[in-house]
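See below for the structure under consideration.
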Amino acid sequence: MKIVLIGTLGSRRTEYFLKAAQELEVKVSFLDWRRLPADKELEGSIIKLDPMPFKDSDIMALDQLISQYRSQLARLSLVTGVKFLNEPESIWAVLNKASCKKKLEEHHVAATKMLSEKIGSLKELQEKMEDRRMTGVFVKPVFGSGAAGVVAYQRRKDRTGDFLQLAYTSAFLENGSLTNTKQLRRLEDRKEIEEILRQVIAGGAMAEQWAPKAEYQGMKYDLRAVWQFGEIQFLVARRSKGPITNLQLNNCALKVKELGLSEETMESIRRVCSQAMRLYPGLSMAGIDILLDKQGRNPKVIEMNGQGDLIYQDIFNENRIYKQQIKWMAGQKM
């Protein structure tokens, strides 16, 4: 079968996947999402699907992209005579953060606790927080990645009985529109916080409990594991001064070995990743975000990403993740 990469021309993903193929002397054909050929031309291929491009900073424009992406994935899932590194329907299944989290919970995979699959309004969110006695939650667009539209939100009563509010987000209100940035900001102004939350919720959002993260040298961290072909291929710690650790926000990456995690914890991380992946047999690979408690133990899945394999600490060094994918797609020994 011929190997095909469907992605975005000029992206780091495309550049380093093709570079890996060149070093392995394996032929890979590249197709751009914006110019896909007729289905018949794809027959006889084994295909890797990278994300569709999203260059608009307007978070509300994400809905249109998600709709287009859903249509493309649905179309590709019907093509006959092809094989995928990750099945289109499985990519879509984990892209939906709420349904993915619900599935993890139903199958007793350790995961951060969901407050609501879908929030109807800011008032509903605040009432549910009070009912569940949660003072902090993460509000996330149901679809999306890279921390776009994510708000870490705290709401608690002071001594007078008034509510104090605090939020961390990379979203920014500009002329009434919600813009995505690469800078994590701390917000204390109630009106600004609530307007950002209203817009995120209006676009379709879920909420989960704000669980304390482990710390290293005064910074909070979680882990990104790249699981493929039955094992963790790469594991990196993501550090931040705030609660949102995505590396797209110019946070600090750290080699996991520097954390000094016990072998018991490392084995627990492997086990929870394996349990999560077994729920999605159509995925050969996924990026899995893992939370450890403040003692650096008890791993829980934060979320999964069926296209979460772009790790700069790997592509700028061994480029092992992409090389292993190409070997698998080519039927070579890994």
Side-chain angles (χ1 to χ4, degrees), residues 4-9 11 13-14 30-43 45-104 106 114 116-120 139-150 171 177-178 180 199-208 246 248 276-277 279-289 302-310:
V4 174
L5 171 66
I6 297 179
T8 305
L9 188 63
S11 73
R13 292 174 180 273
T14 298
F30 171 75
L31 296 174
D32 195 286
W33 275 111
R34 292 162 290 195
R35 292 179 289 276
L36 289 185
D39 294 355
K40 193 158 186 67
E41 294 182 42
L42 295 173
E43 291 181 5
S45 301
I46 181 167
I47 302 171
K48 179 185 180 185
L49 302 173
D50 272 348
M52 284 185 71
F54 180 64
K55 295 183 179 180
D56 199 322
S57 60
D58 184 353
I59 292 174
M60 295 302 103
L62 186 61
D63 287 347
Q64 184 178 0
L65 173 73
I66 292 298
S67 178
Q68 294 171 353
Y69 195 35
R70 177 61 180 135
S71 296
Q72 292 281 33
L73 290 175
R75 172 201 158 185
L76 289 168
S77 69
L78 298 176
V79 178
T80 59
V82 300
K83 185 177 179 180
F84 292 94
L85 175 68
N86 279 351
E87 295 287 341
E89 289 302 304
S90 296
I91 291 173
W92 178 256
V94 295
L95 188 62
N96 185 322
K97 292 184 177 72
S99 67
C100 180
K101 181 62 64 73
K102 184 178 180 181
K103 190 168 186 175
L104 292 171
E106 288 175 344
M114 184 162 58
S116 176
E117 290 181 64
K118 185 173 177 59
I119 308 164
V139 179
K140 302 178 179 181
V142 173
F143 298 98
S145 61
V150 174
S177 295
L178 207 54
N180 193 41
Q199 292 204 26
V200 173
I201 290 168
M206 54 90 74
E208 60 187 29
N246 298 66
Q248 293 95 327
M277 289 297 290
L279 301 180
Y280 296 96
L283 297 179
S284 298
M285 171 279 298
I288 306 175
D289 295 337
I302 302 171
E303 57 188 61
M304 301 174 69
N305 184 338
Q307 296 167 315
D309 59 354
L310 177 62

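Nothing here was measured: the structure is a model prediction, and the numbers come from that model.
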Checklist entry - Mind checking what makes side chain to side chain donor-acceptor pair (under 3.5 Å) contact with N305, not counting sequence neighbours? => result none
Item to check | Partners passing side chain to side chain contact (heavy atoms under 4.5 Å, CB included) against V4 (at least two apart in sequence or in another chain) | outcome: K2, I6, S29, L31, S45, I47
Checklist entry - How many angstroms lie between CG in L104 and OG in S99, if you round to the nearest 0.5 Å? => result 9.5 Å
Item to check | Atom pair CD1 (I46) and CG (L85), whose distance is rounded to the nearest 0.5 Å | outcome: 7.0 Å
Checklist entry - Among all residues two or more places apart in sequence or in another chain, which pass the salt bridge (Lys or Arg N to Asp or Glu O under 4.0 Å) test with K118? => result none
Next on the checklist: Test: salt bridge (charged side-chain N to carboxylate O under 4.0 Å, His left out). Region: residues 91-104. Which pairs qualify, not counting sequence neighbours?
Outcome noted: K101-E208, K102-E117
Checklist outcome for this item: Residue pairs meeting salt bridge (charged side-chain N to carboxylate O under 4.0 Å, His left out), one or both in residues 76-88, sequence neighbours left out, come to none
Next on the checklist: Going by salt bridge (Lys or Arg N to Asp or Glu O under 4.0 Å), name the residues that satisfy it together with D289, two or more places apart in sequence or in a different chain.
Outcome noted: R224, R238
Checklist entry - Quick one: salt bridge (Lys or Arg N to Asp or Glu O under 4.0 Å) partners of E303, sequence neighbours excluded? => result K140
Next on the checklist: What's the separation between atom CG in L42 and atom OG1 in T80, rounded to the nearest 0.5 Å?
Outcome noted: 10.0 Å
Checklist entry - For the atom pair CE (M304) and CG (L283), what is the distance rounded to the nearest 0.5 Å? => result 6.0 Å
Checklist entry - Who are the side chain to side chain contact (heavy atoms under 4.5 Å, CB included) partners of P281, not counting sequence neighbours? => result none
Checklist entry - Run the side chain to side chain contact (heavy atoms under 4.5 Å, CB included) check on F84 and I91 step by step: do they pass? => result CA-CA 11 Å; F84 292 94; I91 291 173; over 6 Å; no
Checklist outcome for this item: Taken in chain and number order and not counting sequence neighbours, the residues that satisfy ring pair (Phe, Tyr, Trp, His ring centres under 6.0 Å) with Y69 are W33
Checklist entry - With no hydrogens and no angle check, is any side-chain donor or acceptor of N86 less than 3.5 Å from a backbone partner on M285? => result yes
Item to check | Which residues share a side chain to side chain donor-acceptor pair (under 3.5 Å) with S11, sequence neighbours left out | outcome: T14
Item to check | Test salt bridge (Lys or Arg N to Asp or Glu O under 4.0 Å) applied to E89 - qualifying residues, sequence neighbours left out | outcome: R70
Next on the checklist: Once rounded to the nearest 0.5 Å, what's the spacing between atom CZ of R75 and atom CG of D39?
Outcome noted: 4.5 Å
Item to check | Listed partners of S116 passing side chain to side chain donor-acceptor pair (under 3.5 Å), at least two apart | outcome: K128
